[in-house]
Amino acid sequence: MLSVRLSGAAAIAAGALTLGLALPAMAQQKEIVVGVQCDRTGATQTVGVVFCPGNHDYVALINSRGGVEGRQIKAIEIDHEYKVPQGVESYERHKKEGAVSILLYGTPHTQALTAKMREDKIPGTSPGFGSAAGADGQRYPYLFPVAATYWSQAAAAVKFTKDKLGGNLKGKKIAYLFYDNPAGKEPLVILEDLAKLEGFELRTFAVPAPGVEMGPQVLDIAQRFRADYVIAHLFGRSPSVSIKEFKRVGYPLSKVVSLVWGGAEADLAAAGGGAIAEGYNTIQFAGVGTDYQVHKDIAEMYKKQGKQPPKEMASTVYYNRGIFHMATHVEAIRNALKAKGANAQITGEDVKNGFEKIKGVTLGGLMPPMELTPTDHEGGGWVQIFTVKGGKLTKASDWFRAYPDVIKKHIEADAKKS
Amino acid sequence: MEFFLLLMGNGILIGLMYSLIALGFVLVYKATDAINFAQGEFVMLSALIAGAVIVVAGLPFWIAVLIVLAAMIGFSFGLERVVLRPLLGRPIVAVIMATIGLAAILRGLGPFIFGVETRSISLPVSDDPIILGPFFLQPVQLTGALVALMFLGGFTWFFLKSRMGVAMRAVADNQQVASAMGINVERYFALAWAMAGIVAALGGIVWGSMLGIDVHVALVGLKVFPVVILGGLDSIPGAVVGGLIIGIVENVAAGYLDPYVGGGTKDFAPYVLMILALMVRPYGIFGKRKIERV
């Protein structure tokens, strides 16, 4: 008798649990849930405080216009302080909320979550950070770099350096100044390969977290190694510190090119303003500035609500990337709804297929001419260079990609490792 | 050799700037026998106030310096009165725990009140280096080092020659005896904390202009622990010598060892030195031979 009661109670409990778990998924019928990982606090907070408002403003704009194929999007943000345990926890919470896709943030987090996303069939995007091998859609079906990976950025930096040094790198000295974590180390294989290919001497200089001091490294680069050019790959507080240090040892900032996390308006402001950073070169995977229709549309949306546009819009590098990042999810969801019907319940797998059909979405030039396919989840690896001129980031190149054959070779070599 | 001299020069200037912060530890320890584990956060708070006053409010630099000094003296007085005075006579570990708690509160409240963005302030000196032979002197570091030297000299004189300084040393030596001799112990405690506030204010402005202003400035406090342990917790000359040794060691180590070990020696070399110092001479190079369990 007791066992019958117990089994009955267990059945009720199991039923309640199933119902409880099913409810968030059913709620997804009305709103399509997208998970937003954010870093408004922690070592890289300077990014998140601007990037994440860009995510939300774009969703608000889409929703204000009737949503995607008539469906509203609900972006749920969780701050992970740029710490992996919190990043994994936020993923689990997003999964529980019924998210059909997740905006990841951070190379270590992306690496920690890649296998889980595949298991759960939830696509995640990692624009501008690791893992670079995630560009291989066959091998990482649920991971989408959606913008130039660190490998493509490193290749672009070498091409830019080559152009700046007269089209020939033979015998030249290039210093790689990097934040000492998995993200900082990721481009090393490409740089080492290109050093052999182009005949330049590469020397690496690691900066430990949180990167607020790099006096010895900068002295070494400028006075002992005497680098012809510096490729910097720093994040958080360290880009502004590097700008100050190079300036203080008299090394010309026009001989420094930074990968994508070291070239925002916030970095220039933290270094003492654009005038200090004159000549500094930055790689960008989204357009910089406010001269895009989407900016005007967001400003108009705020105006209709009787509000002023947020101050974050002025920090265009990260804000625009926030728009870019969310726009890829919106387009993937749009493609999924187009494939299954506007009122259909879409799953992570549908959105994954939607990502693989993104093509020709440029937001008036804010996004590169990218094309995602089942094999290429990077979309081509396009970047632009912006240079600090007159205290402001000024466009110095059109969209370009560099050494695609070298990148392809490394993606294939990485695939053979497992 | 040229590179070695460059690293040495850089290390000496940075070391003197560490000494300025170390002085905050020493002043409090000399007067109250307690280590202020929130000294780095005091520096951070000063920098955040300087950033708000200069960048947000747009006030001139020298006015900002006065405001930060006044704010930090007021803060330290208030802190002594509200938090630390009730702990008078309690075990020293209570004061230490209070300062650790205070550090956590300030790290949380700082960004909450002043915002998370990194602000930049400049000392009224050029950004371009002064080149003297092999040395590349950074005007900001040079200014920081000069400010540190000035205040180190001033406090040394204060403790050795002035009546109040002697009284403060008496209070630190034995609170009960000092009290019996008619010295107002509470007043001198408050004075010590106010002096730590002054040092933090100057350190915050100097380090804030070096690094940029946000919560990360507090990390300087961690760097200063090896300085005071090495030099001696109760010694002003110790703060100078400790600062110089740590500044030079971390720069030279980073310059020569980083290429072989992949980086990071700048951060751990001072702590290796600190542990060695604790093993060989736990009271520091200039510290008094008095050991207590903490």
With distance as the sole criterion, is a donor-acceptor pair present between the side chains of A/T316 and A/E265 under 3.5 Å?
yes
Students often mix this up, so state it plainly: with edges at 30° and 60°, are the rings of A/F129 and A/W261 parallel, tilted or perpendicular?
tilted
Which members of residues 212-226 of chain A, sorted by number, sit under 4.5 angstrom from chain B on a heavy-atom basis?
A/V212, A/E213, A/G215, A/P216, A/Q217, A/L219, A/D220, A/Q223, A/R224, A/R226
Please check if the distance between the ring centroids of B/Y271 and B/F225 is under 6.0 Å.
no
In short, A/C38 meets A/G48 closest at the heavy-atom pair SG-O, 4.1 Å
Plane angle bin for A/F235 and A/Y179 - parallel if under 30°, tilted between 30 and 60°, otherwise perpendicular:
tilted
Pair B/T143, B/Q141: side-chain N/O donor-acceptor within cut-off below 3.5 Å
no
Where along residues 39-60 of chain B does a heavy atom come under 4.5 Å of chain A, listed by residue number?
none
Give, as side chain, backbone, both or neither, the part of B/D258 having an atom under 4.5 angstrom from any heavy atom of chain A.
side chain
Proximity breakdown for B/P259 and chain A, heavy-atom pairs closer than 4.5 Å:
side chain
Measuring heavy-atom distances to chain B, does A/V249 have an atom under 4.5 Å in its side chain, in its backbone, in both, or in neither?
both
Could you check whether A/S90 and A/Q37, counting side-chain N and O atoms only, form a donor-acceptor pair closer than 3.5 Å?
yes
Structural part of A/R248 lying under 4.5 Å from a heavy atom of chain B:
both
Under 4.5 Å to a heavy atom of chain A? For B/L219 that would be side chain
Are A/Y150 and A/H233 an aromatic pair, judged by ring center distance below 6.0 Å?
yes
Sort A/K244 into side chain, backbone, both or neither according to what part of it lies under 4.5 angstrom from a heavy atom of chain B.
side chain
Heavy-atom pair of closest approach, residues B/G243 and B/S19:
CA-OG, 3.6 Å
Donor on one side chain, acceptor on other, A/H56 and A/E77, under 3.5 Å:
yes
Would you say the ring centers of B/Y256 and B/F3 fall short of 6.0 Å from each other?
yes
Indicate, with yes or no, if the rings of A/Y82 and A/H109 have centres closer together than 6.0 Å.
yes
Any idea which of B/R119, B/K223, B/M210, B/E250 has the most non-hydrogen atom pairs under 4.5 angstrom with chain A?
B/M210
Is B/N251 in contact with chain A via its backbone, its side chain, both, or neither, using a 4.5 Å heavy-atom distance?
both
Chain A contact via B/T265 - side chain, backbone, both or neither, heavy atoms under 4.5 Å:
neither
Do A/Y280 and A/D267 have a side chain donor and acceptor closer than 3.5 Å?
no
Work out which heavy atom in A/S242 is nearest to a heavy atom in A/L177; give both atom names and the distance.
CB-CD2, 4.2 Å
